[in-house]
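By convention here, the first residue in the shown sequence is residue 1. Predicted model only: the values in this text are computed from it and were never measured. All values below were derived from every heavy atom in this structure, side-chain atoms included, with hydrogens, water molecules and symmetry-related copies excluded.
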Amino acid sequence: MKKYLFALLGILLMQWNVLYAQVPVDTTKAEPMSWYQAMRQTKYEWYVSKQARNVGDSIVKYQLPSGGWAKNQDWGLGPDTVYMQDCFRTGIGSTIDNGATCQELRFLAKMYYYTNLIDYRIAFLNGMEFLLKMQYENGGWPQYYPSRGEGHYSNHITFNDNAMVNVMNFLLEVSKNGEPYDMLWLPKDLLERCKNAYDKGVECILKCQIIVDGQPTVWCQQHDEVTFKPAGGRAYELPSFCGTSETANILQVLYAQPNQRDERLIMAIDGAIRWLENHKIEGKAIEHYTNKEGKPDIRLVDRPGAPDMWARFYDLISGEPMFCGRDGVPHKKVEEIEYERRTGYSWFGTEPAELIKYHSQWEAYILDSYKIEE
């Protein structure tokens with residue numbers, strides 16, 4: 001019996017030596033790496049390095065009590081410690097704005113996948129609970145949780161900068177339990193909750209779509225969390241039709257739904273594409289120039305043959321492009337608002353162009369599916 005035990009022990013020791021030999025020993029100095037650079041690393045050797053540990057440990061250290069993270073912080077070079085102290089003191093600051101929380105969770109999943117260090121798994125699970133807990137019963141997500149105060153615009157269902165769509169796509173990704181999430185040994189009920197939250201998000205998207213004269217159109221950057229009506233954000237983000245990335249990314253979610261013959265889905269997609277086609281800006285381009293004060297500036301100019309583009313905001317009454325400064329007063333031309341907002345915000349985009357091209361293929365697919373059934 002002892003002979004067999006010693007033989008088994010020898011085999012285990014050999015396997016351990018082989019495994020250990022495959023893990024590189026990082027003897028290099030851990031030079032600081034920015035969060036932007038860290039998010040783009042792909043190699044195994046990096047994820048077991050001191051650099052990676054420094055970033056991962058910083059993310060764990062600054063995870064807020066709610067389970068989420070603050071936005072625009074550099075976990076590699078060091079966050080704004082004064083702001084972070086304030087977040088910990090008030091309990092407010094966890095957000096999904098500008099990719100926050102989803103980015104950190106993706107990184108932690110990779111860190112645990114490569115290192116098997118339990119702190120990363122615990123932080124990941126806490127972050128998942130944050131995302132699921134902050135979802136409204138109606139399926140929408142606010143920008144911040146806990147709330148920044150009653151009546152604050154961040155309480156609205158937030159499509160701005162693709163906040164809600166980013167969360168939905170992340171939860172769907174996790175629910176499929178592929179690499180690297182499979183190595184986290186996530187509970188089955190958590191995977192189911194992720195998928196259910198995603199499905200509720202799709203339902204919320206359909207409820208938020210702006211209806212005009214009985215016809216579905218596009219979406220606003222924010223929608224009231226109770227009535228689903230278009231809602232304002234910052235002073236220069238008035239309730240409006242949104243013609244650029246927010247609507248384009250919502251449409252990508254709808255195009256990806258498995259039941260493409262659902263009548264509500266078809267009407268929602270068709271209505272949005274029809275609205276975008278009717279509101280494209282043709283023969284115009286954004287010109288970058290130096291103004292009389294010697295500053296870099298922008299203006300809209302005639303340019304026949306230029307690619308179609310769309311305004312970020314359109315007036316809810318007239319349907320015309322709308323531009324607004326920090327005074328909250330809407331204008332019909334981007335040149336009419338103050339310099340700081342004119343040059344410091346994305347007022348135009350071309351994102352819908354590819355979706356309009358794709359739409360004809362999608363329509364053909366739907367028609368073919370009906371023919372096959374007949």
Side-chain angles (χ1 to χ4, degrees), residues 159-166 168-169 172 201-223 230 237 239-287 298 300-323 332-334 345-371:
F159 298 119
N160 191 9
D161 292 333
N162 308 310
M164 178 166 152
V165 167
N166 285 341
M168 289 175 61
N169 288 336
L172 182 63
V202 172
E203 184 64 25
C204 179
I205 284 174
L206 295 174
K207 289 177 181 177
C208 286
Q209 191 169 21
I210 303 170
I211 307 298
V212 177
D213 297 329
Q215 298 299 312
T217 62
V218 290
W219 290 263
C220 185
Q221 285 193 336
Q222 295 86 207
H223 285 255
E237 296 169 331
S240 59
F241 299 107
C242 187
T244 53
S245 63
E246 285 81 6
T247 283
N249 280 278
I250 287 172
L251 281 171
Q252 288 180 339
V253 169
L254 298 184
Y255 277 125
Q257 294 310 299
N259 184 13
Q260 289 291 292
R261 288 171 55 180
D262 179 87
E263 185 176 346
R264 277 204 312 160
L265 192 69
I266 292 173
M267 290 181 63
I269 294 174
D270 276 341
I273 291 295
R274 190 182 313 113
W275 189 94
L276 290 169
E277 287 182 320
N278 291 335
H279 291 82
K280 61 188 175 184
I281 300 171
E282 300 177 285
K284 300 280 187 180
I286 296 296
E287 181 179 75
I298 65 165
L300 195 64
V301 297
D302 293 330
R303 188 163 297 169
D308 295 338
M309 64 180 180
W310 286 260
R312 188 163 189 169
F313 304 120
Y314 291 79
D315 186 271
L316 286 172
I317 303 300
S318 68
E320 296 179 349
M322 179 176 67
F323 310 92
K332 292 185 177 181
K333 295 181 179 180
V334 70
Y345 196 69
S346 297
W347 293 105
F348 300 92
T350 60
E351 298 92 341
E354 289 301 316
L355 289 176
I356 290 174
K357 291 178 183 178
Y358 172 74
H359 188 68
S360 58
Q361 301 175 26
W362 177 80
E363 285 184 312
Y365 167 78
I366 299 297
L367 289 173
D368 286 345
S369 69
Y370 277 107
K371 290 177 183 178

Could you tell me which residues satisfy side-chain hydrogen bond (donor to acceptor under 3.5 Å, both in side chains) with [X], sequence neighbours excluded, listed by chain and number?
| X | value |
| --- | --- |
| D161 | R312 |
| Q257 | Y198 |
| E287 | R299 |

- Counting heavy atoms not belonging to I317, are there more than 12 under 6.0 Å from its CD1?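 Atom CD1 in I317 is not packed in, count stays at 12 or less.
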
Quick one: side chains of residues 263-272, donor-acceptor pairs under 3.5 Å with protein atoms, not counting sequence neighbours, listed by atom name and distance.
from: R264; atom 1: NH1; to: E203; atom 2: OE2; distance (Å): 3.3
from: R264; atom 1: NH2; to: E203; atom 2: OE1; distance (Å): 2.6
from: R264; atom 1: NH2; to: E203; atom 2: OE2; distance (Å): 2.9
from: D270; atom 1: OD1; to: H359; atom 2: NE2; distance (Å): 2.8

- Evaluate the side-chain contact (heavy atoms from CB on, under 4.5 Å) criterion for residues H223 and I210: first the C-alpha distance (whole Å), next the side-chain angles of each, then the deciding distance (0.1 Å), finally the verdict. CA-CA 10 Å; H223 285 255; I210 303 170; 4.0 Å; yes

- Query: Would you call the rings of Y345 and F313 parallel, tilted or perpendicular if under 30° counts as parallel and over 60° as perpendicular?
  - Reply: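 Parallel.
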
For [X], side-chain contact (heavy atoms from CB on, under 4.5 Å) partners two or more places apart:
| X | value |
| --- | --- |
| S318 | D315, E320 |
| P239 | P230, L316 |
| Y358 | Y255, Q361, W362 |
| S245 | N162, N249, E351 |

- Task: Just jot down the ring pair (Phe, Tyr, Trp, His ring centres under 6.0 Å) partners of F323, sequence neighbours excluded, or say none.
- Result: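 In terms of ring pair (Phe, Tyr, Trp, His ring centres under 6.0 Å), with neighbours along the sequence ignored, F323 is linked to W347, F348.
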
- Who pairs with D308 by salt bridge (charged side-chain N to carboxylate O under 4.0 Å, His left out), at least two apart in sequence or on another chain?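 Only K280 meet the salt bridge (charged side-chain N to carboxylate O under 4.0 Å, His left out) criterion with D308.
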
- Output all residues satisfying salt bridge (charged side-chain N to carboxylate O under 4.0 Å, His left out) with E354, sequence neighbours left out; order by chain, then residue number.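 Partners of E354 under the salt bridge (charged side-chain N to carboxylate O under 4.0 Å, His left out) test: K357.
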
- Query: Which side chain to side chain donor-acceptor pair (under 3.5 Å) pairs, counting each pair once, include a residue from residues 210-219, with sequence neighbours left out?
  - Reply: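 Listed once each, the pairs would be none.
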
- Message: Please report the interatomic distance CD1(I356) to CZ(R274), rounded to the nearest 0.5 Å.
- Response: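 These two atoms lie 12.0 Å from each other.
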
- Item | Nearest-0.5 Å distance that lies between atom CD in E237 and atom CE in M322 |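 Going from the CD atom of E237 to the CE atom of M322 covers 10.5 Å.
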
- Message: My understanding is that only one of W310, W275, Y314 makes a ring pair (Phe, Tyr, Trp, His ring centres under 6.0 Å) with F241; could you say which?
- Response: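 Among W310, W275, Y314, the one that satisfies the ring pair (Phe, Tyr, Trp, His ring centres under 6.0 Å) with F241 is W275.
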
- Item | Heavy-atom pair of closest approach, residues I281 and P321 |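 Result for this residue pair: CD1-CG, 4.4 Å.
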
